Structure formats: structure tokens, C-alpha cells
Amino acid sequence: MTAMTATQTPPASLHDPVIGWFEQHARDLPWRRPEAGAWGVMVSEFMLQQTPVSRVLPVYEQWLARWPRPADLAAEPPGEAVRAWGRLGYPRRALRLHGAAQAITERHGGDVPSEHGQLLALPGIGEYTAAAVASFAYGQRHAVLDTNVRRVFARAATGIQYPPNATTAAERKLARALLPEEDERAARWAAATMELGALVCTAKNEDCTQCPIAGQCAWRLAGKPAHQGPPRRGQTYAGTDRQVRGRLLAVLREAVAPVPQSALDEVWDEPVQRARALDGLVADGLVEPLAGGQYRLPLS
DNA sequence: GAGGCGTGGCT
DNA sequence: TAGCCAAGCCT
């Protein structure tokens with residue numbers, strides 16, 4: 001509500017400059033090419049959840065070459081997905097992508113579903129990814145609210161430097177209000193606003209001189225007031241279970257045969273935390289314990 | 001709704 | 001240097 005009143009210009013006046021800028025400056029990314037198909041779009045969205053484009057690119061190419069259709073991935077053990085995931089981080093995404101491929105193969109005849117609700121029902125697909133796949137792969141009209149778009153809207157429309165930590169109802173309402181009426185144009189708008197946030201309206205060191213809507217940006221027009229609210233939740237890493245899990249899984253990814261407990265013991269010297277991390281990996285289905293104290297990536 | 005969950009580049 | 005940040009999801 002307050003967000004809407006902050007825009008002194010009608011929403012439609014933003015569409016042309018942003019989409020026009022996108023047509024001039026969009027990166028040529030493989031998942032944006034027609035040949036990527038819905039599966040390529042979906043794979044890219046999984047990989048891009050919290051991981052930068054530059055690190056996704058090589059893994060994406062290898063993944064699609066090896067598993068060109070969902071059924072190809074579904075036919076392999078989940079551990080192979082975890083291994084191919086490499087060092088992209090958050091390896092549970094690999095497991096969920098494998099699970100999604102299985103569900104697509106079993107429930108959708110091997111084709112990535114186009115309905116938002118069916119996408120949302122797949123493992124690893126939340127509100128953002130469901131909207132992104134439906135929009136980018138199928139040209140549908142959805143509010144696609146990722147961290148880039150939320151930041152662009154926070155600045156341009158609401159006049160604040162950063163959006164709230166969690167997506168709010170007000171943000172969804174604003175995003176829907178800004179959406180172009182026509183399907184294909186809405187999909188272009190979604191991709192364009194995301195790209196603008198990724199390349200120009202970045203979290204730090206934004207470059208307003210390159211922004212096609214700088215003249216209408218509420219935040220800029222207000223003098224770029226600094227972020228108020230609660231600090232954005234930081235991520236600690238050193239010394240956490242996450243770091244231990246990462247080291248344990250790295251050993252198992254590289255191994256071609258089951259690994260003895262002793263090999264895992266070498267990656268972390270604190271036994272209680274080490275055991276907790278390993279238990280967590282097993283509980284998550286990322287590691288399969290075998291008889292005799294051996295471990296491997298899951299075969300099922 | 002807060003917290004857990006990887007990894008590496010950049011400032 | 002030590003955070004900060006990167007197309008979130010799940011519990």
C-alpha cells in the first residue's frame with residue numbers, strides 16, 4: 001500500500017525502458033537460448049539458487065550434456081547427481097533436483113510441467129522457482145520475486161535501499177501490480193528486472209548512470225537514504241557444521257569406492273562435531289552408511 | 001518466522 | 001582482513 005503510493009509514475013512507464021535496456025544488455029546465457037528448453041531452464045534455476053552465474057556455467061553445460069532429459073537423470077542413483085553437483089554448494093539441491101526429475105518422469109510423462117501448482121509440488125521448487133520456470137520456459141505471466149527483483153522494486157518503487165529479510169505480502173502485491181498485462185511481455189519484464197538487479201542495481205556499488213529508470217527511481221530521487229531496519233542476516237561459516245559437512249562430502253565426491261570412517265576422520269579433528277555433521281548428512285540422504293563403518297554417496 | 005544449509009570471489 | 005554477497009528452499 002505505502003509502496004504503491006511511493007511511485008509517482010504509472011507502472012507501465014517502467015516497462016519500455018527496462019525491457020529496452022534488457023534487449024541491449026542481456027547476457028547470452030545458455031539457459032536463455034531456445035534449445036535449453038524447460039528442463040534446461042529448470043536445471044539452471046536449481047543451480048542458481050544462491051550460487052553465482054560464473055560458477056554455474058561449466059556445471060550446467062556438463063549436466064545437460066550428460067542428462068539432456070529429466071528421465072536421464074532419474075535413471076541414475078541420487079549420489080551421481082551429488083557428485084556431478086561438484087562444488088556448487090548446498091548439495092541438497094542436487095538431491096532435490098534428482099527427486100524432481102524422478103517425479104517428472106513418473107507423474108508428468110518426462111516433461112517439465114508448465115502449471116505453477118505442479119511445479120511448486122516438486123521437491124526443491126518454491127515460490128520463486130515455480131514462477132521462474134513457468135515464466136522463462138513457458139512464457140507465462142507470474143510475479144517472479146528473487147533477490148534481484150526485490151531489490152530493484154524496493155529502490156525504484158518503494159524508495160528504500162534494501163527489501164525486508166523475508167518476502168512480504170506488500171512486495172507480492174507490488175510485483176503483481178507492476179506486471180505487464182500480456183503474457184510474453186510479463187515474462188520479458190521478469191527477466192529484465194532480474195537482469196537489471198544483477199548487473200546495474202546491485203546490492204553494493206549500484207551504477208545508476210547505467211540504469212534505464214534512474215529518473216523514476218524513488219530511492220535515488222530521495223537521495224539514496226541508507227538502509228534503516230534490522231541488519232540483514234549474515235552467514236557465518238568458519239567452524240560451523242556446514243564447513244564440516246562440506247569437507248566430508250568433498251571426500252565422498254572424489255572417492256570411487258566406499259570410504260572408511262578413518263578417511264572421514266581426517267577432515268576435522270573435533271570428534272563430536274564431526275560425528276554430528278556426518279549424522280546430519282546421512283539423515284539428509286546425502287550419504288549412505290554401509291556395514292563395517294564405510295560410507296558412500298547414496299545409490300538410492 | 002527464524003535458522004540451517006556450501007562455496008568462493010570480491011572489497 | 002573479515003565479512004558481504006550470490007536467480008532460495010525447507011522445517
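Here the structure is a predicted model, which is why all the values come from computation and not from measurement. Chain identifiers are assigned alphabetically (A, B, ...) following the order of the sequence lines, protein sequences preceding nucleic acid strands; residue numbering begins at 1 within each chain.
- dT1(C) and dG8(B) have their C1' atoms separated by 16 Å, given to the nearest Å.
- dC10(C) and dG1(B) are spaced 12 Å apart, taking the C1' atom of each and rounding to whole Å.
- Contacts between residues 253-279 of chain A and DNA chain B, counted as heavy-atom distances below 4.0 Å, involve Arg253(A).
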- Query: Just by protein heavy atoms under 4.0 Å, how would nucleotides 2-11 of chain C read 5' to 3' in B, S and -?
  - Reply: --SBBBBSS-

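- Qualifying salt bridge (Lys or Arg N to Asp or Glu O under 4.0 Å) partners for Arg69(A), counting only residues two or more places apart in sequence or in other chains: Asp72(A).
- By the salt bridge (Lys or Arg N to Asp or Glu O under 4.0 Å) test, Arg176(A) is found to be paired with no residue, residues two or more places apart in sequence or in another chain being considered.
- Between the side chains of Trp67(A) and Glu76(A), at least one donor N or O sits under 3.5 Å from an acceptor N or O.
- Contacts between chain A and DNA chain B, taken as any atom within less than 4.0 angstrom of a protein heavy atom, begin and end at dG3(B) to dG8(B).
- Ile213(A) and Leu14(A) make their closest contact through CG2-CD2, 3.8 Å (heavy atoms, listed as atom of the first residue, atom of the second, distance).
- Contact annotation for Arg242(A): base contact, defined as any heavy-atom pair under 4.0 Å involving a base atom.
- Using cut-offs of 30° and 60° on the angle between ring planes, the pair His15(A) and Trp189(A) is perpendicular.
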- Task: Give the dot-bracket string for DNA chain C, reading 5' to 3', where a pair is Watson-Crick or G-U wobble with both distances under 3.5 Å, ( ) marks pairs inside the strand, [ ] marks pairs crossing earlier ones, | marks a partner on another strand, and . marks unpaired.
- Result: .|||||.||||

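- Residue whose closest nucleotide on DNA chain B sits further toward the 5' end, between Asp284(A) and Ala166(A): Ala166(A).
- Counting only residues at least two apart or on different chains, the salt bridge (Lys or Arg N to Asp or Glu O under 4.0 Å) pairs with a member in residues 133-146 of chain A are Arg141(A)-Glu181(A).
- When the C1' atom is used for both dC5(C) and dG6(B), the distance is 14 Å, rounded to whole Å.
- Residues satisfying the side chain to side chain contact (heavy atoms under 4.5 Å, CB included) criterion with Glu182(A), sequence neighbours excluded, are Glu184(A), Arg185(A).
- In terms of heavy-atom proximity, Gln216(A) sits nearest to Leu221(A) at C-CD1, 4.1 Å.
- Of the P atoms belonging to dT11(B) and dA7(C), the separation is 15 Å, rounded to the nearest Å.
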What pairs of donor and acceptor atoms, side-chain ones from residues 104-127 of chain A against any protein atom, are under 3.5 angstrom apart with sequence neighbours left out?
{"residue": "Thr105(A)", "atom": "OG1", "partner": "Ala101(A)", "partner atom": "O", "Å": "2.7"}
{"residue": "Glu127(A)", "atom": "OE2", "partner": "Arg172(A)", "partner atom": "NE", "Å": "3.0"}

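- Listed by first then second residue, pairs satisfying ring-ring contact (aromatic ring centres under 6.0 Å, His included) with a partner in residues 248-275 of chain A number zero, not counting sequence neighbours.
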Just list the side-chain donor-acceptor pairs under 3.5 Å for residues 256-266 of chain A, sequence neighbours left out, or say none.
{"residue": "Gln261(A)", "atom": "OE1", "partner": "Tyr295(A)", "partner atom": "OH", "Å": "3.3"}
{"residue": "Gln261(A)", "atom": "NE2", "partner": "Asp265(A)", "partner atom": "OD1", "Å": "3.0"}
{"residue": "Asp265(A)", "atom": "OD1", "partner": "Arg274(A)", "partner atom": "NE", "Å": "3.1"}
{"residue": "Asp265(A)", "atom": "OD1", "partner": "Arg274(A)", "partner atom": "NH2", "Å": "3.4"}

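- When heavy atoms are screened at a 4.0 angstrom cut-off, Tyr237(A) is found touching base atoms of the nucleic acid.
- Residue pairs meeting the side-chain hydrogen bond (donor to acceptor under 3.5 Å, both in side chains) criterion with at least one partner in residues 19-47 of chain A, sequence neighbours excluded, are Arg27(A)-Glu195(A), Asp28(A)-Arg33(A), Arg32(A)-Glu195(A), Glu45(A)-Tyr128(A).
- Classification of Glu254(A) and Arg83(A) as a salt-bridged pair fails, no side-chain N sitting under 4.0 Å from a carboxylate O.
- In this structure, dA7(C) is classed as syn because its glycosidic torsion stays within 90° of zero.
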